[in-house]
Amino acid sequence: MVPRIWTLRLYGGGFFCVGAAVAPLIQLDYEEVCSVTRGYSRDTDRKWQTRWEDTGLYQFRPERVDEKLYCLSAFSYPSGSNLHIGHWYNFGLADSWARMKRLQGYEVFEPMGFDAFGLPAENYAIQTGIHPKESTMKNIETMRYQLREMGAMFDWDYEVVTCDPSYYKWTQWLFLQMYRAGLAYRAEAPVNWCPNCMTVLANEQVVDGRCERCDGDVSHRNMTQWFLRITEYADRLLEGLDDLDWPERTKVLQTNWIGRSEGTMIRFRVAGSDEVIDAFTTRADTLFGATYLVLAPEHPAVGRLTTDEHADDVQAYREQSAAAREVDRLSTEREKTGVFTGGYARHPLTGEALPVWIADYVLMSYGSGAIMAVPGHDERDYEFAKKYDLPVPRVIAAEDPDTDDALPFTGDGVLVNSDRFDGMDSAGARRAITGQLRDLDLGDETVSYRLRDWLVSRQRYWGPPVPVIHCEGCGTVPVPEEDLPVRLPYDVDFTPKGKAPLASSAEFIDAPCPSCGEPARRDANTLDTFVDSSWYFLRYPDNRNDEQPFDSGFINRMLPVDKYVVGPEHATMHLLYARFITLVLYDLGYVDFEEPFTSLTHQGIILGPDGRRMSKSRGNVVSPDEYIEQHGSDVLRLYLAFGFKYTEGGAWEDEGIRATSRFLDRVERWIDRLDELRRENLTGETGAAGDHAVQLQYQRHYSIRKVTEDAEILHFNTCIARMMELANALYRYDSEVDDDNADLSLLEDATRDLILLMAPFAPHFAEEMWQRLGHPYSVFDAEWPQCQEEHLVRPEIEMAVQVNGKVRSTINVPSDASEEEIQKIAEEDERVQRYIADGIRKVIVVPENLINFVV
RNA sequence: GCCGAGGUGGCGGAAUUGGCAGACGCGUGCGACUCAAAAUCGCAUGGGGUAACCCCUCGUGUGGGUUCGACUCCCACCCUCGGCACCA
């Protein structure tokens with residue numbers, strides 16, 4: 001090791017310059033200086049990063065597309081803060097997985113890009129006055145630099161930046177394809193409105209009914225909005241989940257989010273008019289218990305139903321619920337309220353007149369916005385009926401007389417008071433009653449979903465403009481594809497005023513109608529950032545294409561993504577949208593696969609040292625930078641791999657990172673030692689070291705096997721443990737075998753394998769050691785080591801001897817011993833004899849594991 | 001309230017087609033090296049009992065059960081985290 005006194009670095013950080021600070025060290029002799037100098041450092045990182053870039057080591061070779069492996073990490077959001085530990089955890093270890101795949105012969109495609117549109121940049125701009133484009137581009141520069149320091153295999157030739165016109169041109173194109181296919185439509189809908197910030201908010205910005213930024217109460221406001229018809233794909237989005245290698249909990253989350261629910265739509269005729277009210281129910285069996293109807297206050301039929309006598313009350317209630325704060329409306333604790341409209345509907349089977357109420361516990365956005373209330377068998381209706389003195393009849397009785405079926409009884413049971421359906425069970429009655437309604441043309445089976453259509457328009461500046469022109473004569477006219485992109489103008493006053501900032505930009509808003517040529521106005525809305533990110537993985541492989549969003553032939557060979565590593569917070573938003581868009585593109589013939597992400601893993605979250613989520617306001621943010629500076633990039637990555645269960649994450653610990661730093665030192669010292677052994681010109685007399693060689697070989701191949709298996713399924717912590725064991729085995733061999741007897745070629749081979757196993761997790765370090773071992777550049781062009789099974793077979797096996805299930809002794813038996821021989825050896829064991837003296841009733845032998853005597 | 005995941009030493013975490021619980025590491029203690037410190041190396045380390053070795057005993061959230069044998073399977077419950085939440 002060459003001491004580098006002039007950049008001597010110690011734990012605790014900082015450089016010691018030649019001069020006063022180094023004076024206390026001058027008395028040290030050469031060896032002592034060596035012992036405090038670390039070989040691996042940030043300089044090693046830089047050396048290899050430069051070499052990798054100069055040699056284009058990680059450039060994807062499209063000609064090897066048949067061996068392709070598309071490894072995707074969620075691209076980064078260039079927010080004001082730098083790359084944080086979470087990025088490292090996500091990108092660094094996904095890269096480690098990909099590096100192993102490269103060593104196994106795959107042509108890895110590992111792109112990176114920036115999800116560069118969105119509210120945070122705009123909000124930052126509002127606060128500071130710095131234009132979102134400037135701040136975003138500056139942040140991207142910083143992040144590119146930091147990502148480079150990580151030493152991942154990103155091929156920057158395939159970078160994608162969503163706020164670049166060359167990208168959002170195709171986001172707009174995608175929108176237009178969907179518009180033509182009838183999948184994008186414009187409709188009036190209530191949106192989240194924050195009165196303090198004078199702006200609409202995205203759903204994800206509303207936390208428990210409050211504005212994420214100012215904590216103010218959010219209310220609803222009707223605005224004409226653009227939607228994508230994701231509900232039309234609800235069933236296919238459900239069915240597609242079955243074959244995906246995704247975490248089960250994420251599939252469950254998506255399933256619940258879609259919320260498919262089978263039931264019956266029942267038509268209630270309104271007494272004295274042609275009006276019909278549809279009500280969705282999953283409990284058609286309780287139809288005879290329906291005593292009134294409830295409409296959502298916003299229901300369009302309310303006005304027509306309301307009698308003059310009740311008009312004032314109804315109007316007041318509608319106004320009150322429209323103004324209700326989101327916080328209050330969300331509360332299920334709140335007492336239910338409602339008013340009678342004065343109108344009546346006919347029960348479809350009994351003809352009875354049912355009063356029609358309105359109440360805000362019925363949501364306009366689910367089912368048909370109206371329900372039949374069955375207070376005897378629904379808790380909400382029961383509560384409401386009790387309050388307003390409405391009748392509560394029983395129509396279902398428990399099947400088992402011992403069951404408590406006090407009203408409200410919401411379980412299935414046997415029908416009573418239900419005319420000719422009495423005696424039927426609930427499931428049968430649902431079919432029978434629905435059948436009769438169908439015969440009468442008063443209802444039918446139907447399916448409702450919790451999923452709503454995707455609201456994609458935003459009254460915000462920093463996003464792709466909706467590529468549509470509104471013309472007085474022609475109506476809504478899509479911008480012709482040859483006119484894309486519709487560029488986002490730079491000089492726009494984007495301070496929040498309660499309407500879309502683009503509307504105030506004359507330069508932008510005025511445009512001739514593409515259809516008739518008359519003066520018209522552009523749509524002033526921009527698209528939600530989730531639209532940008534719902535197709536970026538399709539753009540990566542063909543990111544320079546300016547003729548089309550991507551070449552279908554090539555994309556069909558590059559996708560689907562083989563491994564997607566993305567945070568669990570994207571389970572129901574991004575991951576659902578991306579699947580939806582892919583299905584749409586499949587239907588439109590642009591891709592030949594229906595699911596974009598074959599295999600998916602969620603990384604866990606690294607918490608602050610206090611065990612809480614890192615945040616600036618808590619002051620518990622751990623920056624990767626100081627650790628890279630102090631220990632080098634690989635130490636940080638290795639610690640993230642070793643210290644946590646990947647899918648769980650956990651609290652940051654400084655002691656842990658010191659441990660991994662120590663491990664790299666230990667391996668490097670072993671390389672020093674190997675050099676020393678090489679210089680001794682050993683004869684390689686292996687006979688005397690036979691047993692030790694067998695043990696080392698065992699550990700070597702066991703480590704190869706386990707690292708390969710565990711890394712495959714992203715169990716990185718156990719991978720590192722197996723590497724440590726191999727390093728320990730090398731040291732043990734060296735300490736137990738005389739130099740003269742050491743088998744140098746075995747040590748060389750085992751060391752080479754160790755470095756190869758470590759390479760995915762400590763890439764810079766491994767390159768350096770690989771070079772020192774005398775191998776040609778690059779370690780990542782070498783082959784992943786193979787486990788040789790014959791070295792895992794041991795001549796003798798240790799087995800536990802149990803008596804009545806308790807371990808009483810251990811014995812060594814030949815690995816080919818029969819059960820009888822094993823029993824004989826066990827019975828002869830001194831410690832065992834004390835317990836089996838009274839006679840053996842039964843013997844259980846588990847090969848290679850244990851023998852159990854039952855006495 | 002509903003759905004999902006999870007409770008293992010002082011700590012991070014291993015081990016579940018039922019088969020020696022606690023791999024690997026941190027921390028701690030003792031020892032070696034050193035004038036000394038750092039670094040490094042070695043040994044020990046779940047709790048309790050025992051002067052001590054041997055050994056005994058308890059032990060994977062709690063209480064039951066199945067089994068020769070349960071962290072693992074079954075039943076009931078407690079707690080933590082995540083998601084949804086008047087979805088008819």
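Note on naming: letters A, B, ... go to the chains in the order of the sequence lines (proteins, then strands), and numbering restarts at 1 for each one.
Here the P atom of nucleotide B/G25 and the CG atom of A/Asp665 are 15 Å apart, to the nearest Å. Atom C1' of nucleotide B/A38 and atom CZ of A/Arg662 are separated by 12 Å, given to the nearest angstrom. The distance between atom CG of A/Leu638 and atom P of B/G13, rounded to the nearest whole Å, is 17 Å. At whole-Å resolution of the value, CD in A/Glu736 and C1' in B/C41 are 14 Å apart. Taking atom CZ of A/Arg666 as the reference point, atom C1' of B/C26 lies 15 Å away to the nearest angstrom. A/Phe644 places its CZ atom 11 Å from the P atom of B/G12, with the value rounded to the nearest Å. Put simply, CG on A/Leu757 is 17 Å from P on B/C24, counting in whole angstrom units. As a whole-Å value, the separation of A/Phe642 CZ from B/A14 C1' is 10 Å.
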How would RNA chain B look in dot-bracket form, 5' to 3', counting Watson-Crick and G-U wobble pairs with both distances under 3.5 Å and writing | for bases paired to another strand?
(((((((..(((......[....)))((((((.......))))))((((.....))))..(((((..]....))))))))))))....
Write out a two-atom table: protein N or O, nucleotide N or O from nucleotides 16-20 of chain B, distance below 3.5 Å.
| residue | atom | partner | partner atom | Å |
| --- | --- | --- | --- | --- |
| B/G19 | O2' | A/Asn849 | OD1 | 3.1 |
| B/G19 | O2' | A/Asn849 | ND2 | 2.6 |
| B/G19 | N2 | A/Gln802 | OE1 | 3.4 |
| B/G19 | N2 | A/Asn852 | ND2 | 3.4 |
| B/C20 | N4 | A/Glu798 | O | 3.2 |

Considering only nitrogen or oxygen atoms on both sides, find all protein atoms under 3.5 Å from nucleotides 4-9 of chain B and state each distance.
none

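At a threshold of 4.0 angstrom between heavy atoms, the contacts of A/Arg452 include nucleobase atoms, whether or not backbone atoms are also involved. Among the heavy atoms of the strands, none lies under 4.0 Å from A/Val843. Looking at heavy-atom distances under 4.0 Å, A/Asn728 makes contact with sugar-phosphate atoms alone, never a base. Base contact: A/Arg722 has a heavy atom under 4.0 Å from a base atom. Nucleic acid contact for A/Gly338: none, since no nucleic acid atom lies under 4.0 Å from a heavy atom of the residue. A/Gly656 comes within 4.0 angstrom of no nucleic acid atom, judged by non-hydrogen atoms across all strands.
Applying the 4.0 Å criterion to OP1 and OP2 of B/A85, one finds that A/Arg450 has a side-chain N or O inside that range. Remark: A/Arg732 is not in phosphate contact with B/G42, judged by side-chain N or O atoms under 4.0 Å from OP1 or OP2. Side-chain nitrogen and oxygen atoms of A/Asn717 include none within less than 4.0 Å of the OP1 or OP2 phosphate oxygen of B/C24.
A gap of 10 Å separates the C1' atoms of B/A21 and B/G59, to the nearest Å. B/C73 and B/G18: their P atoms are spaced 8 Å apart (whole Å). Between the P atoms of B/G6 and B/C55, the separation comes to 38 Å (whole Å). Annotation: B/C20 and B/C68 have their C1' atoms spaced 15 Å apart (nearest Å). For the P atoms, the distance from B/G22 to B/A14 is 15 Å, rounded to whole Å. A gap of 30 Å separates the P atoms of B/G10 and B/C77, to the nearest Å. Only the C1' atoms considered, B/C71 is 15 Å distant from B/A23, to the nearest whole Å. B/A15 and B/C24: their P atoms are spaced 13 Å apart (whole Å).
Nearest to the side chain of A/Ser261, among B/G27, B/A88, B/G83, sits B/A88. The nucleotide whose nearest atom lies closest to any side-chain atom of A/Arg831 is, among B/C55, B/C26, B/A88, B/C55. Side-chain proximity of A/Tyr835 to B/G27, B/A23, B/C56: nearest is B/C56. Set against B/C55, B/C86, B/A88, the side chain of A/Phe280 has B/A88 as its closest nucleotide.
Partners of A/Arg260 under the salt bridge (Lys or Arg N to Asp or Glu O under 4.0 Å) rule, at least two apart in sequence or in another chain, are A/Asp235, A/Glu262. Checked against salt bridge (Lys or Arg N to Asp or Glu O under 4.0 Å), A/Arg430 has the following partners two or more places apart in sequence or in another chain: A/Asp285, A/Asp412. Scored by the salt bridge (Lys or Arg N to Asp or Glu O under 4.0 Å) test, A/Glu298 finds no partners at all (sequence neighbours excluded).
Residue A/Tyr731 is the one, among A/Tyr731 and A/Ser448, whose nearest nucleotide of RNA chain B lies closer to the 5' end (criterion: closest heavy atom). RNA chain B is contacted by both A/Arg808 and A/Asp710; A/Asp710 maps to the nucleotide lying nearer its 5′ end (nearest heavy atom per residue).
Atom CD of A/Gln833 has more than 12 neighbouring heavy atoms from other residues, nucleotides or ligands inside a 6.0 Å radius. The environment of A/Lys387 atom NZ is dense: over 12 non-hydrogen atoms of other residues, nucleotides or ligands sit within 6.0 angstrom. Within 6.0 Å of CD in A/Glu848 there are 12 or fewer heavy atoms belonging to other residues, nucleotides or ligands. More than 12 heavy atoms of other residues, nucleotides or ligands shown are found within 6.0 angstrom of CZ on A/Arg452.
For the atom pair CG of A/Leu442 and CZ of A/Arg267, the computed distance is 7.0 Å after rounding to the nearest 0.5 Å.
Listed for the A/Asp710 side chain is no donor-acceptor partner under 3.5 Å among the backbone atoms of A/Thr718. In this structure, the side chain of A/His692 does not engage the main chain of A/Asp734 through any donor-acceptor pair within 3.5 Å.
Note: A/His631 and A/Tyr639 fail the aromatic proximity criterion, with ring centroids not under 6.0 Å apart. A/Phe716 has its ring centre no less than 6.0 Å from the ring centre of A/Phe642. Aromatic pair A/Tyr627/A/Trp88: centroids not less than 6.0 angstrom apart. In this structure, the ring of A/Tyr317 has its center no less than 6.0 angstrom from the ring center of A/Trp357.
Applying the 90° cutoff around 0 to the glycosidic angle, B/G9 is assigned syn.
Judged by distance alone, the side chains of A/Gln699 and A/Ser703 do bring a donor and an acceptor atom under 3.5 Å apart.
You won't find any donor-acceptor pair under 3.5 Å spanning the side chain of A/Arg283 and the base of B/A88, going by distance alone.
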